[in-house]
Amino acid sequence: MKVARPKRPAWLFTTIAVAAAGILFFVWSGSRRVWSPGDAAGMAFGIAAALLVFVQALYPFRRRFAAYPFGTAQRWLQFHIYGGAVGFVFVLVHEGFRAPAGFLGWALLLLSAWSTATGLAGVWLQKWIPAMISSGLNVLAVFDRIPELVETLRSESATLAAGSSEMFERFYSEEIEPALAGVNTSWDYLLDVQGGRERRLAPFNRMAPFLAETERERLAGLRAIFNEKLELDAQYSLLRILRLWSAVHVPPAVLFVALILYHAGVSLYYWRAP
């Protein structure tokens, strides 16, 4: 619940109010005449949507502007999130909540919906994933170093298993060594950061009664290594999801900005033409 709570409720309420006002205006105007994207009201919403998208596109350059005109990076981020939602509503109002005509119209609508949906998903991911990592994992590492750390754990485990009994070596080669061969990613960690850890550690519990006391200490050390490897797997998987999110959000958003600016320019040209 804490993750889902907005950091700035005022921005959320303002967004809802502005979006609702735009929809109510459309309903009121539509009751008086046939709504058209090319008339004054339709164009006004189209221009407003284009301006919102254009300002949003400047978010990566906020540092060059010294956070102008929003003052702080936090307010820039809030506008980027909520301005995108309002912009999508204005796109729908501009179209009159009807299916667009032509390839360009559909491309704009779909890219607008995709950019908004993935943007909101990114807000949730950037709140959820750090909370999952900090609350459920004890081992924290830099993303790019995790494969190197996993290789170090594999070497440590091989050294620990060397010179053990035949039963211990067979347990290591069949149950543990394959899992330590590299980073194992899974989408399951997004909802359960433990990723069924108790189930995966259960073989250690089953093996312990069959070992001599001296090898149980060796088994405990191997278990600690394996548990650390599972935590690195979870962290790598979650951070990888954040990187994948950027890949599915940013390129379509850039294309959307380019298309909406082109569409706005062409529309204004023909709207002013005699």
Side-chain angles (χ1 to χ4, degrees), residues 1-30 41 44-95 97 108-137 140 187 189-193 235 238-239 241-250 252-254 256-257 260:
M1 294 298 296
K2 189 175 181 180
V3 171
R5 193 177 304 148
K7 290 184 178 180
R8 298 290 184 271
W11 281 84
L12 175 62
F13 298 145
T14 301
T15 297
I16 294 174
V18 172
I23 294 172
L24 288 174
F25 178 83
F26 165 75
V27 173
W28 172 80
S29 181
F45 276 96
I47 293 172
L51 289 174
L52 286 170
V53 170
F54 177 73
V55 177
Q56 273 190 294
L58 298 178
Y59 174 73
F61 308 102
R62 62 196 181 280
R63 292 181 180 177
R64 296 185 182 182
F65 304 143
Y68 179 83
F70 299 106
T72 66
Q74 179 62 238
R75 286 199 286 268
W76 254 107
L77 178 61
Q78 295 298 307
F79 178 82
H80 188 71
I81 296 168
Y82 292 110
V86 172
F88 177 62
V89 174
F90 282 6
V91 167
L92 296 177
V93 174
H94 170 65
E95 290 290 339
F97 290 91
L108 286 168
L109 179 61
L110 293 177
L111 286 171
S112 177
W114 180 264
S115 298
T116 303
T118 55
L120 294 176
V123 173
W124 178 77
L125 287 173
Q126 291 180 35
K127 289 183 176 182
W128 178 261
I129 287 179
M132 292 281 281
I133 291 175
S134 62
S135 64
L137 300 178
L140 300 179
W187 286 86
Y189 291 118
L190 187 59
L191 299 179
D192 178 15
V193 73
Q235 187 176 350
L238 293 173
L239 295 178
I241 289 172
L242 281 178
R243 294 199 171 193
L244 289 174
W245 168 79
S246 297
V248 301
H249 174 70
V250 175
V254 172
F256 174 57
V257 171
I260 201 169

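Excluded from the calculations below are hydrogen atoms, water molecules and symmetry mates; all remaining heavy atoms, backbone and side chain alike, are included. When a residue number appears, it is its place in the shown sequence, counting from 1.
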Please find the pair of heavy atoms, one from [X] and one from [Y], that lie closest to each other, and give the distance.
{"X": "M132", "Y": "L190", "result": "CE-O, 3.5 Å"}
{"X": "A253", "Y": "S115", "result": "CA-OG, 3.5 Å"}
{"X": "A85", "Y": "T116", "result": "CA-CG2, 4.2 Å"}
{"X": "G87", "Y": "A49", "result": "O-CB, 3.8 Å"}
{"X": "P252", "Y": "A247", "result": "CD-O, 4.4 Å"}
{"X": "V248", "Y": "T118", "result": "O-CG2, 4.3 Å"}

Calculate, to the nearest 0.5 Å, the distance between atoms [atom1] and [atom2] belonging to [X] and [Y] respectively.
{"X": "W245", "Y": "W124", "atom1": "CH2", "atom2": "CH2", "value": "13.5 Å"}
{"X": "I241", "Y": "I129", "atom1": "CD1", "atom2": "CD1", "value": "5.0 Å"}
{"X": "E95", "Y": "F26", "atom1": "CD", "atom2": "CZ", "value": "10.5 Å"}
{"X": "Y82", "Y": "L52", "atom1": "OH", "atom2": "CG", "value": "15.0 Å"}
{"X": "W187", "Y": "L244", "atom1": "CH2", "atom2": "CG", "value": "5.5 Å"}
{"X": "Q56", "Y": "F256", "atom1": "CD", "atom2": "CZ", "value": "8.5 Å"}

Heavy atoms, side chains only, cut-off 4.5 Å: are [X] and [Y] in contact?
{"X": "I81", "Y": "L77", "answer": "yes"}
{"X": "L110", "Y": "W114", "answer": "no"}
{"X": "L125", "Y": "L238", "answer": "no"}
{"X": "V53", "Y": "V91", "answer": "no"}

Should the pair [X] and [Y] be assigned to parallel (<30°), tilted (30 to 60°) or perpendicular (>60°) ring geometry?
{"X": "W76", "Y": "F79", "value": "perpendicular"}
{"X": "H80", "Y": "H249", "value": "perpendicular"}
{"X": "F45", "Y": "F90", "value": "perpendicular"}

Practice item. Apply side-chain contact (heavy atoms from CB on, under 4.5 Å) to the pair I260 and F54, showing each step before the final yes or no. Key: CA-CA 9 Å; I260 201 169; F54 177 73; over 6 Å; no
Exercise for review: Look at the side chain of S134 and the backbone N and O of A131, then say whether any donor-acceptor pair between them is shorter than 3.5 Å.
Suggested key: yes
Check your understanding: Does CZ belonging to F25 count more than 12 external heavy atoms closer than 6.0 Å?
Key -> yes
Review point. Quick check: are there more than 12 heavy atoms from other residues, nucleotides or ligands sitting under 6.0 Å from CH2 of W11?
Key: yes
Practice item. Please lay out, stage by stage, how V86 and T14 fare under the test side-chain contact (heavy atoms from CB on, under 4.5 Å). Key: CA-CA 10 Å; V86 172; T14 301; over 6 Å; no
Practice item. Kindly indicate, with the supporting measurements, whether the criterion side-chain contact (heavy atoms from CB on, under 4.5 Å) is fulfilled by V89 and I23. Key: CA-CA 8 Å; V89 174; I23 294 172; 4.0 Å; yes
